[in-house]
Structures are given as structure tokens and as C-alpha cells.
Amino acid sequence: MNFSNEITQWYSNNKRDLPWRNTTDAYTIWLSEIILQQTRVEQGMPYFYRFLEHYPNVAAFAAASEDDILKLWQGLGYYSRGRNMLTTARLVNELYKGTFPNQYEQLIKLKGIGEYTAAAISSFSANEAKAVVDGNVYRVLARYFGISEPINSTKGKKLFQETANDILNHDNPGLHNQAMMELGAIICKPKSPACGICPVNIGCHAFLNNATTQLPVKLKTVKVRERYLNYFLITDGEKVLMNKRGMKDIWANMYDLPLIETSEKPDPYEVVQLSEAVEYFGSDAEVIEVSGPLTHILTHQRLKVNFIILKSKGIKLKQEWFYTEVENLKNLAMPQIIFIFLTNFFTFKNNFPFSN
DNA sequence: AACGCGGGGTT
DNA sequence: AACCCAGCGTT
């Protein structure tokens, strides 16, 4: 038995029953693949069901608004995925009359679809002979063949893609690709891999040389930036003052609260004295209550967040600010920390959340 | 080639 | 705290 036969047989007997594996519909597979980019299966699963229910085909997706998509995407992170999907859905609806393409060369041109995703959709949907290389495959290949080239260097990416191409089973590329990823997810795990029950342990360089902890090799990532975000909760009757974020920075085009960012750890009461605050809130602005700082961790940023309840007579609205009914908050896509704060605040009005 | 982009789970 | 997750787009 060769490598591919071993893992595909193992896969057939041990695979998880995942909803996107029961179809060859390119639209459905596209949906699942974008959701699963840098996202664990368990985390993406409920979003997959939700999106499929709201948008059962590409025409339905194309008809959605960006606000709709971002709201449904809320909590999943990497929101550009959702915005890129909308671009792609609208293009596909025009260009291919609502039939999602399943050929690599067409897929790779679409926004949000890179080498991995184009290979995944084309091999799963049309059995096209393109090898997938995701985080799982990097790990399996590095260990099995003893490849110590960093997986995130340009040279490494090329080498791993070539290696994946070399061992691809051309008789059933879709099955082979699924098996590679499943092996990485279930057996060849990052920590404490289950080498004892691995179908290809005989022949695995890392297993034979007790080197699973050294492989794969990955170049150091950049350091985390600290930011201090001071959010203001300003109400007017049953309305809340909200902010629509721009295209730069995190949480593009999503909704949060009026914000003043400071370069150093601030005293919330002094933030209100800053000229920027005085300009918009007036010098008579009064701090009612403060909670924070809360720490919100992103991959490359550590956010220290203050929430400041403010009362003021003369608010001067910035262009991106608008009042909205509390009832309408459920329609706005917000970063998790904002969503949780507002949910708690308006659920426990008399009991300020996160006070410390 | 390097960087930016979320949120959550595991070790 | 470090690392990882069915990566991709921009600079």
C-alpha cells in the first residue's frame, strides 16, 4: 500500500460526519471553506448552518447587504472574509448566472479564494487534481517527510505545495485531500500526536526519529501591539449614540461606540478633558460611571478597553456618528466586546456591567 | 517579503 | 503566555 491508499482507507473508516462533506455543490463547499479559514470546525459549524439557511444559493447571497452579511458573521472574526464573499457572490451571479464555478482556474480569480480554497473547492466539488495545503497538511508533510524548511517562508510554501502535488492521488484527489486534512486534525495534532494509531507511522520521519515536537518549523511571528480604547456610552431617551467604523484598522465597516484612543494607559476621567473629547462632548460633559479597563485579545493586538457613561447637553455629532433605537442594536454588526457590553448594559440597566 | 486581520480553544 | 485553527489581501 502506498501513502495515499493508507490514509484514504483510514479516512473512510474514521472520518467525522461533517455537513459540508455530504454535498458536491460548489456554492455550499465555498461557504464552508471560507468560514473555516483560520477557524476551528466546531466554531464555524453554527455559522455554516446559519448562512446556508439565510442564503441557500449564490443568488440569495448576492442579494444581501454588507450590513446583513457582517451581522451574520459577527463573532467569527476576520470579517473581510464576509465582505469578500459578498463581492464574489455578486460577481458569480452576474458572470456565471448564479452557478458557482468548480474549476480551479476560475476559482482562483475570485476575491477571498486563494490557492488552498481553490484547490479545496475544485477537488471536493469536481474531483479536480489539485492538492490542498492547509495548516494540517503542512504538519503532516513536515513530519512524515522530515521537512525542516519553515512552513511560512516563501521557499517553504513552494516546497510543501510541490510535495503535496507529488503525493496527490490522481484517481481520487478529493478523497485524498480530505484524508490529508483529517489525519492532521485527528491524529497528527500539533501537541501530543496520536502516533501509536497513525496509519502511516511506519515511514514517518518524525515518528521514527522521535522528532514530532520539532516539526513543523515556523518562523517567529510579529509581536503584539498594545492599544487603549476609551468608548463612550451616550444615550438620548431610548436612543444610543453609535459609530460606524471605516475601512482601515480592525473591524472594518462594523459598528461600535464613539471612541477616543489614547497612546498610554489613561485615567478615564481625564480622557474627557482631552481637547478631542471637549470638541465633541463639550466642556460640561459629565462622567456618570466607568468600567474597565477590560482586556480584549486579538492575534496582533492587546486592547485595553474602558467604557465611560457620559452625560452632556451639547453633543456635536461627527460624520460617522448616529443615534439609533436600542431596539435596532440587534441589527448592527459589532465587535464582540462592544456587543457583549451593550447586551449586558441594556439587559441589566440598573446594574452597570463589568464594574470593578 | 512582511504585515494586517478576530475570536476562541488548548497546552 | 504561546500556539493553533480547512488563509487571504495589501503593501
Side-chain angles (χ1 to χ4, degrees), chain A residues 11 15-16 18-21 29-48 70 73-85 87-88 107-124 130-140 150-158 160-161 164 174 177-186 188-193 213 216-225 227 245 247-254 256 295-303 333-340:
Chain A
Y11 173 75
K15 66 179 177 181
R16 292 168 291 179
L18 303 176
W20 44 84
R21 285 177 172 165
I29 294 171
W30 168 67
L31 194 56
S32 72
E33 289 301 336
I34 304 295
I35 286 174
L36 292 173
Q37 287 169 1
Q38 293 293 286
T39 303
R40 287 167 303 103
V41 165
E42 309 80 60
Q43 189 185 2
M45 186 96 71
Y47 287 84
F48 172 76
L70 287 176
W73 203 272
Q74 180 180 296
L76 198 54
Y78 285 163
Y79 297 95
S80 66
R81 290 182 290 173
R83 290 187 284 107
N84 288 338
M85 283 185 92
T87 302
T88 287
L107 292 163
I108 195 68
K109 293 176 181 154
L110 300 172
K111 200 131 188 177
I113 297 181
E115 274 190 73
Y116 162 77
T117 306
I121 299 174
S122 62
S123 68
F124 301 158
K130 296 287 181 183
V132 297
V133 183
D134 74 334
N136 293 306
V137 177
Y138 277 122
R139 197 164 52 248
V140 170
I151 62 174
N152 55 343
S153 69
T154 301
K155 190 176 167 190
K157 286 179 201 165
K158 191 164 176 292
F160 279 94
Q161 182 68 59
N177 280 337
Q178 291 278 15
M180 285 290 288
M181 292 194 286
E182 193 77 342
L183 187 73
I186 294 183
C188 198
K189 295 179 290 186
K191 308 281 183 187
S192 313
T213 57
V217 175
K218 194 171 184 178
L219 263 28
K220 275 297 172 196
T221 53
V222 295
K223 64 165 190 257
V224 176
R225 177 164 66 120
R227 297 175 71 176
R245 299 181 61 83
M247 269 303 290
K248 315 272 182 205
D249 208 349
I250 53 177
W251 306 322
N253 286 7
M254 295 175 74
D256 59 1
T295 303
H296 188 68
I297 308 281
L298 307 179
T299 300
H300 295 293
Q301 301 184 23
R302 176 189 302 272
L303 308 177
M334 305 176 207
Q336 279 302 78
I337 189 159
I338 302 295
F339 177 75
I340 292 169

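In the text below, chain A, chain B and the rest are named by the order of the sequence lines, each starting its count at 1.
Counting all heavy atoms, side chain and backbone alike, A:Val132 lies closest to A:Ala164 at O-CB, 4.3 Å. Of all non-hydrogen atoms in A:Gln301 and A:Val224, the two that sit nearest each other are C-CG1, 3.6 Å.
Note on A:Asn84: only backbone sugar-phosphate atoms sit closer than 4.0 angstrom, heavy atoms only; bases stay farther off. Note on A:Ile29: nothing from the nucleic acid sits closer than 4.0 angstrom, heavy atoms only. No engagement by A:Arg83 is indicated, since no non-hydrogen atom pair under 4.0 Å with the nucleic acid exists. Contact annotation for A:Trp20: base contact, defined as any heavy-atom pair under 4.0 Å involving a base atom.
One can place CG of A:Leu18 at 16 Å from P of C:dC5, the figure rounded to the nearest angstrom. The separation between A:Lys218 atom NZ and C:dC5 atom C1' is 9 Å, rounded to whole Å. In this structure, CD of A:Glu33 is placed 8 Å from P of C:dG7, rounded to the nearest angstrom. One can place NZ of A:Lys130 at 18 Å from C1' of C:dA6, the figure rounded to the nearest angstrom. Rounded to an integer number of Å, the gap from CD1 of A:Ile35 to P of C:dC5 is 19 Å. In this structure, A:Leu183 atom CG and C:dC5 atom C1' are separated by 17 Å, rounded to whole Å. The distance from atom NZ of A:Lys157 to atom P of C:dC8 is 10 Å, rounded to the nearest whole Å. Between A:Met181 atom CE and C:dC5 atom C1' the separation is 13 Å, expressed in whole Å.
For A:Arg139 and A:Asp134, the salt-bridge test fails: no basic side-chain N is under 4.0 Å from an acidic carboxylate O. A:Glu33 has no carboxylate O lying under 4.0 Å from a charged side-chain N of A:Arg81, or vice versa, which leaves the two without a salt bridge.
Taking the P atoms as reference points, B:dC3 lies 25 Å from C:dA6, given to the whole Å. Nucleotides C:dG9 and B:dG8 place their C1' atoms 23 Å apart, quoted to the nearest Å.
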### Task
Do nucleotides 4-11 of chain B as a string where each nucleotide becomes B, S or -: B if the base has a protein heavy atom under 4.0 Å, S if just the sugar-phosphate does, - if no protein is that close.
-BBBBS-S
### Task
Apply the test side chain to side chain contact (heavy atoms under 4.5 Å, CB included) to residues A:Lys155 and A:Lys158: give CA-CA distance (whole Å), side-chain angles for both, the deciding distance (0.1 Å), then the verdict.
CA-CA 5 Å; A:Lys155 190 176 167 190; A:Lys158 191 164 176 292; 5.9 Å; no
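Side-chain contact between A:Leu303 and A:Ile337: absent, with no pair of heavy atoms (C-beta onward) separated by less than 4.5 Å. Within the 4.5 Å cutoff, the side chain of A:Arg16 has heavy atoms near those of the A:Ile186 side chain. Inter-residue side-chain proximity for A:Met334 and A:Asp256 is flagged as unmet; no heavy-atom pair is nearer than 4.5 Å.
In this structure, A:Met45 CE and A:Thr39 OG1 are separated by 13.0 Å, a value rounded to the nearest 0.5 Å.
Using the six-membered ring where Trp is involved, A:Phe48 and A:Trp20 have ring planes that are perpendicular, over 60° apart on the 30 and 60° scheme.
Map A:Gly112 and A:Ala185 each onto its nearest nucleotide of DNA chain C; the residue landing nearer the 5' end is A:Ala185.
A heavy atom lying under 4.0 Å from DNA chain B marks none of the residues of residues 115-124 of chain A.
Using a 4.0 Å cut-off, some side-chain N or O of A:Lys111 falls inside it from OP1 or OP2 of C:dT10.
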